[in-house]
Chemist: 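Have a look at this one before I ask anything.
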2 protein chains.
Amino acid sequence: MPLEKTQPEQDPEDAKICRLQDLVGYHLRRASVFDLQGAVSALEPANTRPVPMSVLLSIIETPGISSAEICRALGMQRANIVPILAELEERGLFLREADESDQRIQRLFPTRRGEEEAAAWLALVSEHERSMLRRLTAEEQTELRRLLAKIWQEDGPKQG
Amino acid sequence: MPLEKTQPEQDPEDAKICRLQDLVGYHLRRASVFDLQGAVSALEPANTRPVPMSVLLSIIETPGISSAEICRALGMQRANIVPILAELEERGLFLREADESDQRIQRLFPTRRGEEEAAAWLALVSEHERSMLRRLTAEEQTELRRLLAKIWQEDGPKQG
DNA sequence: TATTGTTATACTCTATAACTATA
DNA sequence: TATAGTTATAGAGTATAACAATA
């Protein structure tokens, strides 16, 4: 009988990771950097970047959201969203409205122009994703997204 | 016949991406950040970080590799590896040896201590990965790594 | 002319601390 | 006291330009 492989000397659960390529985290980082570079390039003609796009999409998906809520959803610091909102506001892509019952809070609403821009930005990024994922079947793409979400999303019913 | 779903009004290939969570790249970034933070924490007791670990592992996996080759393999700039190599060298984890036939090149070889340290670092990161991937089966973990590699690795026989 | 290792520097992204106003 | 929005600043990671030595 052909001996293609010797038996693992231990419980497979204890299989030693000994190369960089064995680490899922290494592939995560490489793939994420690859994606980010492509997304930045794809958004260049629209004169925006991935984080501002994510912020605008948050406003569109949840009209009336506050900046603090966006930061919690996207996992970013409140301090860092300030210049991003300032630029999106200057471009007329959303409006701020004081909350009636809590004067600390600004509720953010997309403008018509904001919705149009966001749709255009999404189209650019979608085309980049199609290229990035071209070696994956539709099923593999869905599975990849599902597995990635299981890594970073909370256990509970929460989502962000 | 039960009508569980209405037919998509278009070719499913044209299904519009309209939410942030539909983007694979968004989940890639969130998962990668999640991993990186955990890896940094895991490596803290060993007083190192993910990139220096990757560099040392490259030297161990390919003894005699040059710094320029490491940079090409890891996708980093030559200028940025200099302080990393300086620190690893100061800690006695590898040695530089001039190439005999090309005086421009330094060939890098791990010391015994470097191999021991790298094994300890890998153990720390492996434990972090076990925690990060605890909601995935062993098969899902393997599949995830395969799909991620398909995203960033070259089409050809090359690997890095 | 091209490559290696190196220095210096700039830029981006993210993190921290503190402030004010409101609650 | 806790939170929202803001400012200023610091840090890490990465990118660019240039250099001397070598091919």
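Residue numbers start from 1 in every chain, and the chains themselves are labelled A, B, ... in the order their sequence lines are given, proteins ahead of strands. Side-chain atoms are counted along with the backbone in the values below, which use heavy atoms only and exclude waters and symmetry mates.
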Chemist: Which nucleotide in the list C:dT6, D:dT7, D:dA12 gets nearest to the side chain of B:R49?
Modeler: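 Between C:dT6, D:dT7, D:dA12, the one nearest the side chain of B:R49 would be D:dA12.
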
Chemist: Of all the nucleotides listed (D:dT14, D:dT22, D:dT6), which has the minimum atom distance to the side chain of A:R96?
Modeler: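 Among the listed nucleotides, the one closest to the side chain of A:R96 is D:dT6.
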
Chemist: I need the CD1-P distance between B:I70 and D:dT14, as an integer number of Å.
Modeler: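 It works out to 15 Å between those atoms.
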
Chemist: Reckon A:R107 touches a base, only the sugar-phosphate, or nothing at all at heavy-atom distances under 4.0 Å?
Modeler: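 The residue A:R107 makes no contact with any strand.
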
Chemist: Want to settle it: does B:R72 or A:R104 sit nearer the 5' end of DNA chain C, counting the closest nucleotide to each?
Modeler: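 Comparing both residues, the 5'-ward one is B:R72.
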
Chemist: Using whole Å, what does the distance between atom P of nucleotide D:dT14 and atom CZ of A:F34 come to?
Modeler: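 Roughly 17 Å, once rounded to whole Å.
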
Chemist: Just how far, in rounded Å, is C1' of C:dT3 from CD of B:E69?
Modeler: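 The distance from CD of B:E69 to C1' of C:dT3 comes to 12 Å, rounded to the nearest Å.
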
Chemist: Can you check the B:R78 CZ to D:dA21 C1' distance for me, whole Å?
Modeler: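 Distance check: B:R78 CZ to D:dA21 C1' gives 13 Å.
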
Chemist: Tell whether B:N80 reaches the base of D:dA15 with its side chain through a donor-acceptor pair below 3.5 angstrom.
Modeler: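 Such a pair exists between side chain and base.
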
Chemist: Looking at every strand, decide which applies to A:Q77 at a 4.0 Å heavy-atom threshold: base, sugar-phosphate, or nothing.
Modeler: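 The residue A:Q77 makes base contact.
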
Chemist: Given C:dG5, is OP1 or OP2 found less than 4.0 Å from the side-chain N or O atoms of B:S67?
Modeler: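 Yes.
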
Chemist: Of the candidate nucleotides C:dG5, C:dT14, D:dT7, which contains the atom at the shortest distance from the side chain of B:A68?
Modeler: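 Between C:dG5, C:dT14, D:dT7, the one nearest the side chain of B:A68 would be C:dG5.
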
Chemist: Over how many whole Å does the gap from B:L36 atom CG to C:dA15 atom P extend?
Modeler: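 Whole-Å distance recorded here is 11 Å.
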
Chemist: Evaluate the ring planes of B:Y26 and A:W152, with Trp represented by its six-membered ring, and classify them as parallel (under 30°), tilted (30 to 60°) or perpendicular (over 60°).
Modeler: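 Rings of B:Y26 and A:W152: perpendicular, over 60°.
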
